[in-house]
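I have placed the structure first, in the form of structure tokens, so that the comments after it can refer back to it.
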Amino acid sequence: VFFLYICVMKSDKQINKPTWEELLNKRNQEVRKCFYEMQDKNPKYKIDAVIQDVANKFFLSSRTIEAIINHEGIYKF
């Protein structure tokens with residue numbers, strides 16, 4: 001009976017899930033933040049090395065990281 005009551009309570013509440021676009025925008029912000037933090041911590045690193053480190057951290061290609069940082073194409077926001 002208690003389990004049924006909890007299930008009914010959860011179904012009555014509206015759960016606000018972020019949209020796909022909101023999730024991508026948040027990811028892109030985190031990628032940019034990580035890039036600039038790594039660049040500040042390692043000023044002697046070449047940009048390509050920092051991009052590669054960020055790409056490995058986020059499991060994305062280095063080209064995608066470049067596009068996110070430069071606000072290119074679908075990563076404008």
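Residues take their numbers from the sequence shown, with the count starting at 1.
The distance from atom NZ of Lys44 to atom CD of Gln39, rounded to the nearest 0.5 Å, is 15.5 Å. Interatomic distance, Leu60 CG to Ile68 CD1, rounded to the nearest 0.5 Å: 5.5 Å. Rounding to the nearest 0.5 angstrom, the gap separating the CG atom in Asn28 from the CD atom in Glu21 is 11.5 Å. We find the CD1-CZ distance between Ile65 and Phe58 to be 7.0 Å, quoted to the nearest 0.5 Å. Rounding to the nearest 0.5 Å gives a distance of 9.5 Å between CG of Asp40 and CZ of Phe35. How far CG of Asp53 is from NZ of Lys41: 11.5 Å, rounded to the nearest 0.5 Å.
For the pair Ile51 and Ser62, the tightest heavy-atom approach, listed with the atom from each and the gap, is CG2-O, 3.6 Å.
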If you apply the rule side-chain contact (heavy atoms from CB on, under 4.5 Å), what do you find for Lys57 with Glu30, and how did you get there?
CA-CA 11 Å; Lys57 182 176 179 179; Glu30 290 297 318; over 6 Å; no
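Annotation: side chain of Glu66 is not in contact with side chain of Ile47 (no heavy-atom distance under 4.5 Å). Under the 4.5 Å side-chain criterion, counting only non-hydrogen atoms from C-beta, Val31 is not in contact with Thr64.
With respect to Glu72 and Arg63, a salt bridge is recorded, a charged nitrogen being found less than 4.0 Å from a carboxylate O.
Judged by distance alone, the side chains of Asn56 and Gln52 do bring a donor and an acceptor atom under 3.5 Å apart.
Side-chain heavy atoms closer than 4.5 Å link hydrophobic residues (I, L, V, M, F, W, Y) into clusters, and following such links, even through other members, never connects Leu24 to Tyr75.
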